[in-house]
Amino acid sequence: MAILAINETFSPLGLTGKSKLIVLGSPHEWMDRIRSLQLEHVSPAGQMRREISRLPSGFGRSESDLIALMRRWFFARKPDAGFLLTDFPATLLQSKIFDEWLESRHEALSAVVAGPGSPEPVVTHYACQGLLTEVVP
């Protein structure tokens, strides 16, 4: 698990437009640096806003609703398209489900970046896979 200063965060990862990146925690102070990667930025809140007219009232209040929404996004995208995923997965269960989705399409994450406030079980999960990079502001 590497711990990098904010100005070195993304350069050693060798990310490209096809990279698949998860950002955990509160990336607000370094979001501009993330946006410079020019990847599709995906979050549950963004997906909810995008599909608000199609969703039944009360949708999104349970973990299963959130997983269903993110599943719809994941399987609708092109397999070789890169993404920058924030606020998901937020739990160990969501992490394991997301791993299954990746495996079913023979895809792999490029990296998982953990910032302040990252959920510890998710951090540990991705650290054990050798994907975790922690950011120190």
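Note that the coordinates shown come from a computational prediction; the quantities given were computed from them, not determined experimentally.
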Beyond-backbone contact of T124 with E120, side-chain heavy atoms, under 4.5 angstrom: yes
With under 30° as parallel and over 60° as perpendicular, where do the rings of F98 and W73 fit, or are they tilted in between? parallel
Answer whether the closest heavy-atom distance between the side chains of T133 and V112 falls below 4.5 Å. no
Gap between atom CH2 of W101 and atom CD of Q94 - 0.5 Å precision: 8.5 Å
Looking at OG of S118 and CD1 of I22, how far apart are the two atoms once the value is rounded to the nearest 0.5 Å? 11.5 Å
CD1-CG distance between I97 and L92, expressed to the nearest 0.5 angstrom: 10.0 Å
Considering all heavy atoms, the nearest L93-E63 contact: CD2-OE1, 3.6 Å
With rounding to the nearest 0.5 Å, note down the distance linking OH in Y126 to CG in L132. 10.5 Å
By salt bridge (charged side-chain N to carboxylate O under 4.0 Å, His left out), which residues pair with R77, not counting sequence neighbours? E107
Reported CD-to-CG distance for the pair Q129 and L109, which is rounded to 0.5 angstrom: 7.5 Å
What do the steps show when you test L85 against K20 for side chain to side chain contact (heavy atoms under 4.5 Å, CB included), and what is the final call? CA-CA 8 Å; L85 187 55; K20 294 163 180 71; over 6 Å; no
Determine whether F88 and L69 make a side-chain contact, defined as any pair of heavy atoms from C-beta on separated by less than 4.5 Å. no
Any donor-acceptor pair under 3.5 Å from S95 side chain to P89 backbone: no
Side chains of L21 and V113, heavy atoms from C-beta outward: is any pair under 4.5 Å? yes
Out of curiosity, R72 CZ to I67 CD1, how far, rounded to the nearest 0.5 Å? 13.5 Å
Taking all heavy atoms of P119 and all of L24, pick out the closest pair and write down the distance. CD-CB, 4.4 Å
Just wondering, do T86 and V42 contact through their side chains at under 4.5 Å, heavy atoms? no
Pi-cation contact, F74 with R105 (under 6.0 Å, within 45°): yes
